[in-house]
Amino acid sequence: MHDDLLFRPITELGELVGSGELSARELVETSLRRIEALDERVNAFTHVHADEALAAADAIAPGDQRPFAGVPIAIKTEVAVEGSPLTFGSKLFGDYTPDHDSFQVGRLKDAGMIVVGRTNMPEAGIMPITEPARFGATRNPWDLERTPGGSSGGSAAAVAAGMVPVANALDGGGSIRIPAACCGLVGLKVSRNRISMGPQISESLFGVTGAVTRTVDETARVLDVLAGYEPGDGNWAPPPDEPFADAARREPGRLRIGLITTPPVDAPLDPEHDRAVRETADLLASLGHEVTEAAQPGGSGEMEPVFLTVFGSYLASIVRFGGLIAGREPTADDVEPLTWAIYQHATGLSGVDFLVASAGVGTFARHFIAGFFAQYDVLLSPTLVKPPVPIGTYDTNVPDMAEWARTGEFASFTPIANITGQPAISLPIDQTADGLPIGIQLTGPPAGEALLLSLATQLEAARPWTDRRAPVEAAA
């Protein structure tokens with residue numbers, strides 16, 4: 001089977017529905033057919049809501065002026081959707097079903113999007129792979145024996161396979177950018193507090209929400225829908241001077257770009273990833289930018305315990321939330337062994353430990369931003385250390401936090417932007433000799449999404465990627 005409809009830009013799909021040339025039902029039915037045909041092998045979805053999605057589609061008539069009227073979207077299973085199970089990839093949550101939408105889902109629905117289902121994730125979002133015990137492994141549409149990344153692996157796999165044209169994703173240490181790089185997509189990690197995490201979360205030190213798409217323009221347009229203050233938010237990023245979609249179309253001007261190729265951990269950079277990022281550096285230079293090699297800012301060693309304290313505390317809060325849902329104290333039988341090990345570590349910390357670690361995050365961010373971004377406008381690096389790893393490379397059945405730390409050999413370039421709160425974007429700039437996607441990462445200044453989107457658009461025009469298709473259909 002082959003259907004190009006869901007590979008078209010979401011703006012075009014919304015216009016087709018609004019003009020009456022295409023009905024919202026036709027669009028949603030196409031999405032549901034592709035899910036039925038492909039997801040048995042990919043396993044991107046934990047739940048599919050066909051009846052609800054079709055009913056929502058039937059309520060959309062020609063003339064609907066909303067920008068994404070009738071566009072199918074998948075929502076990661078850690079974001080509240082009214083009437084849909086919220087599981088965090090864990091059996092601890094059972095089939096808990098919230099009676100409300102998160103603010104971000106409400107905004108997407110208000111823009112006309114239709115939720116067709118929930119996407120898979122590693123339990124509690126702790127791994128850069130998507131292989132939860134409860135729902136099983138999600139597979140990469142480019143190679144079904146490899147990971148789509150994580151933690152938003154189900155979302156990225158769904159878009160790469162053409163089951164939906166866009167999917168919700170979250171990023172607490174690279175969880176948008178890692179799967180975007182694995183699956184050949186665009187993934188933007190926005191500035192801290194750019195998009196509200198409410199009503200469940202007032203603010204998050206590391207985590208942000210967003211989407212995975214095929215093009216920079218789509219990413220910018222979804223950001224225009226999602227960005228902005230919601231009542232009760234503890235903090236919020238400064239509003240942009242213009243819509244992000246407009247900023248993305250502007251020339252970025254001549255930028256000072258620092259190239260980093262040394263991973264933050266002691267692990268060798270894959271030669272093809274090294275080649276891809278250096279060729280990107282050459283391309284940027286040919287476009288008029290000043291590109292120079294830079295030293296890896298900061299050291300991973302000094303931040304690893306700080307990151308574990310903060311990240312582990314958020315993980316523990318998810319497990320505690322699951323216990324509230326279950327109506328009892330969580331036990332080791334409720335979660336995977338690795339989750340339990342991190343949970344036990346985090347619950348042994350004090351509030352003072354968390355506050356001290358949070359202060360350490362701020363100290364690192366200030367030194368990093370004041371130092372590196374006094375010399376450069378943008379940081380260029382690989383997104384990943386190596387190509388998507390085979391399914392089963394990392395084992396969450398190991399009750400040892402060293403297994404979690406070991407994933408740094410695969411995905412250690414991404415967490416720094418979560419620590420500093422800066423925006424960063426992964427672009428599917430290249431492929432390996434055997435056709436696997438290679439992502440490069442651009443990290444911008446604080447609240448610098450507009451600059452990143454402008455530069456990303458320039459790269460996309462110079463080296464287009466939208467005609468690439470994952471071969472999952474050929475494997476049918």
Inset, instruction - Flag the pair Tyr314 / Ser204 as yes when at least one side-chain heavy-atom distance between them is below 4.5 Å, and no otherwise. - result: yes
Inset, instruction - Assign the ring pair Phe321 / Tyr96 to parallel, tilted or perpendicular, where the plane angle (0 to 90°) is split at 30° and 60°. - result: perpendicular
Inset, instruction - Looking only at non-hydrogen atoms, find the nearest pair between Met401 and Ile342 and report the distance. - result: CG-CG1, 3.7 Å
Legend entry - Residues in ring pair (Phe, Tyr, Trp, His ring centres under 6.0 Å) contact with Tyr376, at least two apart in sequence or another chain: Phe372
Inset, instruction - Quick one: sort the Phe368 and Phe373 rings into parallel, tilted or perpendicular, breaks at 30° and 60°. - result: perpendicular
Inset, instruction - Determine, for Glu203 against Arg192, whether the closest basic-nitrogen to carboxylate-oxygen distance falls under 4.0 angstrom. - result: no
Legend entry - Set of residues satisfying ring pair (Phe, Tyr, Trp, His ring centres under 6.0 Å) with respect to Trp465, sequence neighbours excluded: none
Inset, instruction - Measure across Tyr394 and Glu131 and return the closest heavy-atom pair with its distance rounded to 0.1 Å. - result: O-OE1, 4.1 Å
Legend entry - Check against side-chain contact (heavy atoms from CB on, under 4.5 Å), Phe206 and Val361: CA-CA 10 Å; Phe206 288 169; Val361 167; 3.9 Å; yes
Legend entry - Minimal non-hydrogen separation, Ala181 against Pro437, with atom names: O-CB, 3.4 Å
Legend entry - Residue pair Trp404 / Phe311, side-chain heavy-atom distance below 4.5 Å: yes
Inset, instruction - Compare all side-chain heavy atoms of Lys109 with those of Arg66 and state whether any distance is below 4.5 angstrom. - result: no
Legend entry - Any Met197 side-chain heavy atom under 4.5 Å of Leu170 side chain: yes
Inset, instruction - Look only at the side chain of Asp101 and the backbone of Val81, and say whether a donor-acceptor pair between them is shorter than 3.5 Å. - result: no
Inset, instruction - For the residue pair Lys76 and Arg118, establish whether any side-chain heavy-atom pair is separated by less than 4.5 Å. - result: no
Legend entry - Side-chain heavy-atom pair Thr339, Leu315 within 4.5 angstrom cut-off: yes
Inset, instruction - Determine whether more than 12 heavy atoms belonging to other residues, nucleotides or ligands lie under 6.0 Å from atom CG of Asn235. - result: yes
Inset, instruction - Give me the one residue out of Asp217, Val216, Leu453 that meets side-chain contact (heavy atoms from CB on, under 4.5 Å) with Arg249. - result: Asp217
Inset, instruction - Indicate yes or no: at least one non-hydrogen side-chain atom of Leu6 is less than 4.5 angstrom from one of Leu27. - result: yes
Legend entry - Gln441 side-chain N/O to Ala424 backbone N/O, donor-acceptor pair under 3.5 Å: no
Inset, instruction - Please check if any side-chain donor atom of Ser84 sits under 3.5 Å from a side-chain acceptor atom of His47, or the reverse. - result: no
Inset, instruction - Determine, for Lys91 against Asp334, whether the closest basic-nitrogen to carboxylate-oxygen distance falls under 4.0 angstrom. - result: no
Inset, instruction - Output every pair passing side-chain hydrogen bond (donor to acceptor under 3.5 Å, both in side chains) with a member in residues 362-375, not counting sequence neighbours, ordered by first then second residue. - result: none
Legend entry - Phe88: partners by ring pair (Phe, Tyr, Trp, His ring centres under 6.0 Å), with sequence neighbours left out: Phe93
Inset, instruction - May I ask you to check whether Asn418 and Asp171 show a side-chain donor-acceptor distance below 3.5 Å? - result: yes
Inset, instruction - Determine the sole option in Val190, Asp224, Val225 for which the side-chain contact (heavy atoms from CB on, under 4.5 Å) test with Phe244 is passed. - result: Asp224
Inset, instruction - Identify the heavy atoms of Ala57 and Val28 that sit nearest to each other, and give their distance. - result: CB-CG2, 3.9 Å
Legend entry - Pair Arg221 + Glu218, salt bridge at N-O below 4.0 Å: no
Legend entry - Residues which pass ring pair (Phe, Tyr, Trp, His ring centres under 6.0 Å) with Phe354, listed by chain and number, not counting sequence neighbours: none
Legend entry - Stepwise side-chain contact (heavy atoms from CB on, under 4.5 Å) test for Lys189 and Thr414: CA-CA 10 Å; Lys189 180 259 170 199; Thr414 55; over 6 Å; no
Inset, instruction - Return the minimal non-hydrogen interatomic distance between Thr147 and Phe410, and the atom names on each side. - result: CG2-CZ, 4.3 Å
Legend entry - Check ion pair Glu242-Arg250 (N to O, under 4.0 angstrom): yes
Inset, instruction - Compare all side-chain heavy atoms of Leu442 with those of Ile440 and state whether any distance is below 4.5 angstrom. - result: yes
Legend entry - Pairs touching residues 443-454 that satisfy side-chain hydrogen bond (donor to acceptor under 3.5 Å, both in side chains), sequence neighbours left out: Ser191-Glu449, Arg194-Glu449
